[in-house]
Protein chains: 2
Amino acid sequence: MKRSLETIQYDKKAEALAMYAKALSHPMRVSILNYLENQTCCYTGDLVDVFPLAQSTISQHLKELKNAGLIQGELKPPKIKYCINQENWAIAKELFNRFFD
Amino acid sequence: MKRSLETIQYDKKAEALAMYAKALSHPMRVSILNYLENQTCCYTGDLVDVFPLAQSTISQHLKELKNAGLIQGELKPPKIKYCINQENWAIAKELFNRFFD
DNA sequence: AAAACCAATCGTAAATTTGCGATAATAAAA
DNA sequence: TTTTATTATCGCAAATTTACGATTGGTTTT
């Protein structure tokens, strides 16, 4: 896109909130997080069984959630166990709480 | 994108949360909402003065927030006064509250 | 060492998002 | 009625997102 030359500087909290919101902006990713909240943890394969999306697509969504810091993966060869990252989860929770007054 | 033929059916609340999250997924839109929370209401022109983005771009962001239901516009010719849509705001707040346990 | 298992990454394609300038639309004011 | 003020919309271009199948990369069995 034709961008302004200088990158716009936004408020740090606004940027952080937008970052987490972006991670939550797809129903599949919200569903994954809901699933994780109930199951405590899960493997990629569990999600592939539950949701009608290709394994590679689900893996991509997991990657985005991981990049946003909302989940973390633990090597449990040959599987990978994903859990919610409680620390960042709390940060996001606080951000949204404050945002919505 | 190459989509599955049948559209995937997600949980209604997951879809609603994702919809609101999408509206919040850009720092400019978060900034607009922060501004609106402090000022109660504002005109498009106010935002054009405050933020270094083209008027058309800001108008587009406002449109997205309106489509998501988070704000509403009141004709105040020749201006348009934007306010937070309290009803939907409360719904979104509740959704995020529940989501983050 | 070879085979099997599971998940990440690559390559690709289509859709969507973001941004801008230019133009249109609407209503008030002159 | 013409001009002015304000905001929305259009048309375009670049970037990003979403999705898939195919391939690769680690580990563990065999």
Side-chain angles (χ1 to χ4, degrees), chain A residues 1-10 14-15 18-32 35-36 41-68 71-83, chain B residues 1-10 14-15 18-32 35-36 41-68 71-83:
Chain A
M1 57 199 118
K2 273 170 286 182
R3 289 190 156 288
S4 334
L5 289 188
E6 343 94 74
T7 311
I8 296 159
Q9 268 304 80
Y10 293 101
E15 248 167 16
M19 190 269 285
Y20 287 121
K22 198 170 176 182
L24 301 178
S25 72
H26 192 290
M28 181 58 198
R29 292 196 287 273
V30 174
S31 301
I32 289 174
Y35 189 85
L36 272 175
C41 287
C42 78
Y43 300 100
T44 309
D46 299 344
L47 301 168
V48 176
D49 292 343
V50 173
F51 297 102
L53 283 179
Q55 179 265 319
S56 57
T57 304
I58 288 173
S59 202
Q60 224 170 349
H61 282 303
L62 285 170
K63 189 184 183 181
E64 278 184 68
L65 290 172
K66 206 169 62 178
N67 286 344
I71 64 170
Q72 60 197 23
E74 188 191 341
L75 246 71
K76 216 81 172 172
K79 300 186 176 186
I80 295 179
K81 194 167 77 172
Y82 281 107
C83 305
Chain B
M1 62 200 114
K2 273 170 285 179
R3 289 191 156 289
S4 336
L5 290 188
E6 342 93 75
T7 310
I8 297 159
Q9 268 304 79
Y10 293 102
E15 246 166 18
M19 190 269 285
Y20 286 122
K22 197 171 178 184
L24 301 178
S25 72
H26 193 290
M28 180 58 198
R29 291 196 288 273
V30 175
S31 301
I32 289 174
Y35 189 87
L36 272 175
C41 287
C42 79
Y43 301 99
T44 309
D46 299 345
L47 300 169
V48 175
D49 292 343
V50 173
F51 297 102
L53 282 180
Q55 179 266 320
S56 57
T57 305
I58 289 174
S59 200
Q60 223 168 348
H61 283 302
L62 285 169
K63 190 184 182 182
E64 278 183 68
L65 289 172
K66 205 170 65 179
N67 286 344
I71 65 171
Q72 60 197 25
E74 187 191 341
L75 247 72
K76 217 79 172 172
K79 300 186 175 186
I80 296 180
K81 195 167 76 172
Y82 280 107
C83 305

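Lettering follows sequence order; numbering is per chain, from 1. These values consider heavy atoms only, across backbone and side chains, with no hydrogens, waters or symmetry-generated copies.
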Legend entry - Side chain B/D49, main chain B/D46, donor-acceptor under 3.5 Å: no
Expressed as a whole number of angstroms, how long is the span from [X]:[atom1] to [N]:[atom2]?
X     : N      : atom1 : atom2 : result
B/L65 : C/dT17 : CG    : C1'   : 14 Å
B/L53 : C/dC20 : CG    : C1'   : 10 Å
A/K81 : C/dC6  : NZ    : P     : 17 Å
A/I58 : C/dA8  : CD1   : P     : 11 Å
B/N67 : C/dT17 : CG    : C1'   : 14 Å
B/Y82 : D/dT6  : OH    : P     : 15 Å
A/K66 : C/dA8  : NZ    : C1'   : 8 Å
A/Q60 : D/dT23 : CD    : C1'   : 15 Å

For residues 57-67 of chain A, please give each side-chain donor-acceptor pair under 3.5 Å, one per line with the distance, not counting sequence neighbours.
from: A/H61; atom 1: ND1; to: A/R29; atom 2: NH1; distance (Å): 2.9
from: A/E64; atom 1: OE1; to: A/R29; atom 2: NH1; distance (Å): 3.4
from: A/E64; atom 1: OE2; to: A/R29; atom 2: NH1; distance (Å): 3.4

Can you tell me which nucleotide in [options] comes closest to the side chain of [X]?
X     : options                : result
B/H26 : D/dG21, C/dC20, C/dT18 : C/dT18
B/K22 : D/dA19, C/dA8, C/dT16  : C/dT16
B/K79 : D/dT7, C/dA7, D/dC20   : D/dT7
A/T44 : D/dT7, D/dA19, C/dA7   : C/dA7

Using a 4.5 Å cut-off on heavy atoms from C-beta on, say whether the side chain of [Y] contacts that of [X].
X     : Y     : result
A/L36 : A/C83 : no
A/Q72 : A/Y82 : no
B/C42 : B/Y35 : yes
B/M28 : B/L53 : yes

Inset, instruction - Could you tell me whether the phosphate oxygens of C/dG19, OP1 or OP2, come under 4.0 Å of any side-chain nitrogen or oxygen in B/H61? - result: yes
Legend entry - Under-4.0 Å side-chain N/O to phosphate OP1/OP2 contact, B/S59 with D/dA8: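 True: B/S59 side-chain N/O within range (under 4.0 Å) of D/dA8 OP1/OP2.
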Legend entry - Reading 5' to 3' through nucleotides 22-30 of chain C, protein heavy-atom contacts under 4.0 Å coded B for base, S for sugar-phosphate only, - for none: B----SS--
Inset, instruction - Would you please test B/I80 and B/E74 for side-chain contact (heavy atoms from CB on, under 4.5 Å) and show each step? - result: CA-CA 6 Å; B/I80 296 180; B/E74 187 191 341; over 6 Å; no
